[in-house]
Every structure is written in structure tokens, then in C-alpha cells.
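See structure below.
Only a predicted model underlies this, so the values are computations on that prediction, with no experimental measurement involved.
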Number of protein chains: 2
Amino acid sequence: MSQPYPPSAERPESFDEPVLMQLSAPEATPLRADAARNRARLLEAAARLVEEQGVARLTMEGVACAAAVGKGTVFRRFGDRNGLLMALLDHTEQSFQRAFISGPAPLGPGAPAVERLHAFGGQALRLTAERLDMYLAAEPESTRRFTTAPYRVRFMHVCMLLRQTGPGPDTDTELLAQTLMGYLDPALIGHLTRQRGMSPERLEAGWRDLVDRSVGPRPV
Amino acid sequence: MSQPYPPSAERPESFDEPVLMQLSAPEATPLRADAARNRARLLEAAARLVEEQGVARLTMEGVACAAAVGKGTVFRRFGDRNGLLMALLDHTEQSFQRAFISGPAPLGPGAPAVERLHAFGGQALRLTAERLDMYLAAEPESTRRFTTAPYRVRFMHVCMLLRQTGPGPDTDTELLAQTLMGYLDPALIGHLTRQRGMSPERLEAGWRDLVDRSVGPRPV
DNA sequence: ACCTTAAGCGGACTTCGGTCCGCTTTATTG
DNA sequence: CAATAAAGCGGACCGAAGTCCGCTTAAGGT
């Protein structure tokens, strides 16, 4: 109920600013030299530890220790464990973003909105499946997951594409977009692939079906 | 990776048995007298503490203490914090279940499947909104949330109704049902109502739209 | 160069969920 | 009614996330 580490903190709590593209890349105030160095060491150490022992064994103290840095420093820089994990996914997420915002069609602009939606989901499914443990571990719990920067960027994109498909006047695009986003939730993907044994192809076909149903005015 | 408390534990890990209706009500082996007494005292104490201080302040040790019982006992009985919280919701959940399985139409049998789906979502939204904090706190994280008994019962129900609406042969009912269930996720409901300020009416209208789009064969 | 100041640092500390294991109680059975 | 096995109990213990606060240090102004 209070901001723990006043100035920066990689996970902003405010809601209303225009987020697009500012995942964590350009800090409002650039980091001090030592801070930047420590940040890099921490990310490097964390990535190494994850690779060596799996994300489940990653502890904040372990990372601090491996980076030869105090525990408080890790929290100051990344806010919490999810923040650190999200930072580890930042590169992937940013290039995905670039791809669907300004990359080549059909993911990027140029193709019809429906096809862009198809491509968007396909790529999201692929990225998530590829590093599922990371995405699962990075996902904050409860309602927090809807307020992370990457989620919001994706959401706004889906919302925009949906609006371009000629929804009827009585279609609630925002809610429909949330529903579509729900399909891409790492937890759901993990459940379906690991516990229900569904193939990526099946998930992708399901996505296309869902998009086709969501597009255009609502049925009679 | 191992079952911590061998014999009972209110959250079964197995997947394939026919669950329907066995939330926690009839234990496989009935509880020993002292165990049953302690269970009741724990639930009572927990409910009181939640009422007094809110679910966020509820700690397992606090409950144990208030029930004049050892901490280990709480864990033995309920598995973990989510298990305790789910037990607190059990009554609500069971009567909801009865209502949609065998209650009066349109929630129960008798009405067309589409109307039953409409009613189902409406009621789920209402129940969740009514005790949102509890539902949020009781929700296990990551993929675990798909394996709780209440989730699975709801899911199978939606799946069944969907199958009754004449989906085309190329419709993946299971995936569609998961999508519908995603709309009813307490975390999403909490986000939409609290952080985006959406009205219950709007959410319900969104649900009806979603159902209408999900029903029947997929569009061209 | 020096001074000032605020960002940054570190690690002890708190809190809480979850586990362990030796002891106690219940229920069954002969 | 005793004996006994197994379910139950309790609280010490552990690990990890997150907090706090006094000390250090980089950076910009004079």
C-alpha cells in the first residue's frame, strides 16, 4: 500500500499514462553508473542461474549472491521476483512488440486485421510455449497480471485490431479483447499442453476459431 | 512433488476420476471425531477472522491460534492456504453446483442450452463479485487453478452445454469452454470491476455476447 | 578540486507458508 | 476390556520474499 522503493522501480503502479513500448527500456531518469553495472550483473547472473537450475530454484538471495551484490539491491532494481523474471523476458517481449507494431505483415501492418489477429495469437502461443516455465514464473498473481506493461501493450493491440474488423455498434470490443487475451494466458497454455496434452497445432487452430467468432458484428 | 500429508488432504491431485459434486463434502474415509471437531473449529475461526480483518490479514498461524489448535493441524486438514480459503467458499460453490446441475431452469435443466449458458455466467459473475476478495485469495496460482474441483465441475458443465448447442464438427468445444471459463476468472472480474470501473451489467452483457458468438458452428 | 545531496547499497530482520517428526488419541478387533 | 495400529496433533524448524535503515558513493554545481 506504499511504494517500497521510492524513485524508480521497474514496475510502475500508475495506470493512465500512454505505455506503448516503454517496457523497461528507457528509464525515466537514467541509472547511475554503479546501478547500471549492478543491473547488468544481476540479469546476467539470474539468466545463468535459470539456465543451470531452472527458474523454480531461482531465489532473490541466490541471484544477489551470484552477482556479488546485496539482496536489497535486487529488490530496489526489480521491485520483486516477478519484476526480475519479467526483465529476463524483456528482450523477447520487445521484439515481439516491434514485430506486431511495425514489422512485416501479416503480424505487422499491411494485412487485414483478421489475419493480423491470427498471426498475433500464433506467435504469442509459440513464444509462450517455447519458454513456458519462464512465462509461468514471471506471471504475477491475481489482478496484477493485467497491469503489467507487456500485457497492456498486447491488450491494446488486440483491441485495436478488433476495432478494425467492423464490430457492430453493440459489440464491446474491450471485453472481447480481454477474452482473446485470456486464451493466451501462460497458465492456460501450460495447463492445456502439459496437463491435457494438447498439441500446439490444436491450440493454434482453437485460436483461429476464436478469432473468427470474435470478429465482426455479433450474431443474431 | 510428493503428497505432504499422506491420507486425506482436501485437494486431490489425481485427474481422471469422475469428480462431479465431490468438492470436499463426503470424505473418502470419514474423519475421526477429534479431527472433525477441529475442522469445524478451524472453519469457524477462519470465517470469523476473515469477517473481522479481511482475508488479506488471514494467516494460517492466526487461524490455528484462534481455533486453539496447532499449526500443523491446519495444514493437515486443508493442505495449504488456498485449500482453507476454498473450504470457506465450499458452501456457496456447492449450492451453485446444485443449482446448475439439478435446479430450476434456466440455470438448471429444462431451458435451451444457450439460455442455460447465459444464466450460468450471470450467476457466476454475481457470486464472484459478491465475495470478490475471497475468490481472489482462494485462487491458486499458475496452472493449479485449472485443477481445483470447483473449476473442473464448472468447466465440464460449460463443455456439456456447449456440446448441446450444435457446434459444427470442426469446433473444438473443449477449447471454447476454456475460453468461456476464462471470462469468469475472478482475477479478470476483479480487474475489470475495480481497476477499470466496469459495471456488473456491462460484464453480464459481455458474457451474453461471448456466449452467442461461441454457440453453434463456426462462422465462414 | 570540493561539497552537497540524493540515489544506491547491503545485510540484518520480519513474516509467513509450509514441513517434520516424536507424542497422543481414537477406533477397531479379538 | 485390552492391545494395537493408524490417524491425528502440535510446535519447533526451515526457506524465501520482502522491508528497513544507517552507511557509501556517484554526479553536478561552484
Does A:L42 offer a backbone N or O that forms a donor-acceptor pair with the side chain of A:R77 under 3.5 Å?
no
Rounded to whole Å, how long is the line connecting atom CZ of B:F75 with atom P of D:dC13?
17 Å
In terms of ring plane angle, is the pair A:W207 and A:Y183 parallel, tilted or perpendicular, where the classes change at 30° and 60°?
tilted
Atom pair distance, as rounded to whole Å: CZ in B:R81 and C1' in C:dG17
9 Å
Residues that B:R154 engages under salt bridge (charged side-chain N to carboxylate O under 4.0 Å, His left out), provided they are two or more places apart
B:E93
Would you kindly give the CZ-to-P distance between B:F78 and D:dG8, to the nearest whole Å?
12 Å
Whole-Å distance between C:dC16 P and B:Q53 CD?
11 Å
Summary of protein contacts for nucleotides 24-30 of chain C, nucleotide by nucleotide, where a base hit scores B, a sugar-phosphate-only hit scores S (4.0 Å, heavy atoms):
-BSS---
D:dA7 phosphate, OP1 or OP2, under 4.0 Å from B:R76 side-chain N/O
no
Is there a donor and acceptor pair closer than 3.5 Å between the side chain of A:K71 and the base of C:dA12?
no
Does any non-hydrogen side-chain atom of B:Y135 lie less than 4.5 Å from one of B:E130?
no
Separation of A:R77 atom CZ from D:dG18 atom P, in whole Å?
17 Å
Can you check the B:E61 CD to D:dC13 P distance for me, whole Å?
14 Å
Atom CG of B:L42 and atom C1' of D:dC9: how far apart are they, to the nearest Å?
12 Å
Any A:N38 side-chain nitrogen or oxygen under 4.0 Å from OP1 or OP2 of C:dC9
yes
Heavy atoms from C-beta onward define the side chain here; which of C:dG17, D:dG10, D:dA17 lies closest to that of A:T59?
D:dA17
Quick check: does any side chain N or O of B:T73 sit under 3.5 Å from a backbone N or O of B:V69, one acting as donor and the other as acceptor?
no
Between CE of B:M60 and P of C:dG18 the distance, given in whole Å, is 7 Å
Whether A:T73 contacts C:dG10 is assessed here as follows: a side-chain N or O lying under 4.0 Å from the phosphate OP1 or OP2. Is that the case?
yes
Aromatic contact, B:F120 with B:F96 (centres under 6.0 Å):
yes
Give one of base, sugar-phosphate or nothing for A:L58, where a contact means two heavy atoms less than 4.0 Å apart.
sugar-phosphate
Can you list every pair that meets salt bridge (charged side-chain N to carboxylate O under 4.0 Å, His left out) and has a residue in residues 47-62 of chain B, with sequence neighbours left out?
B:R48-B:E52
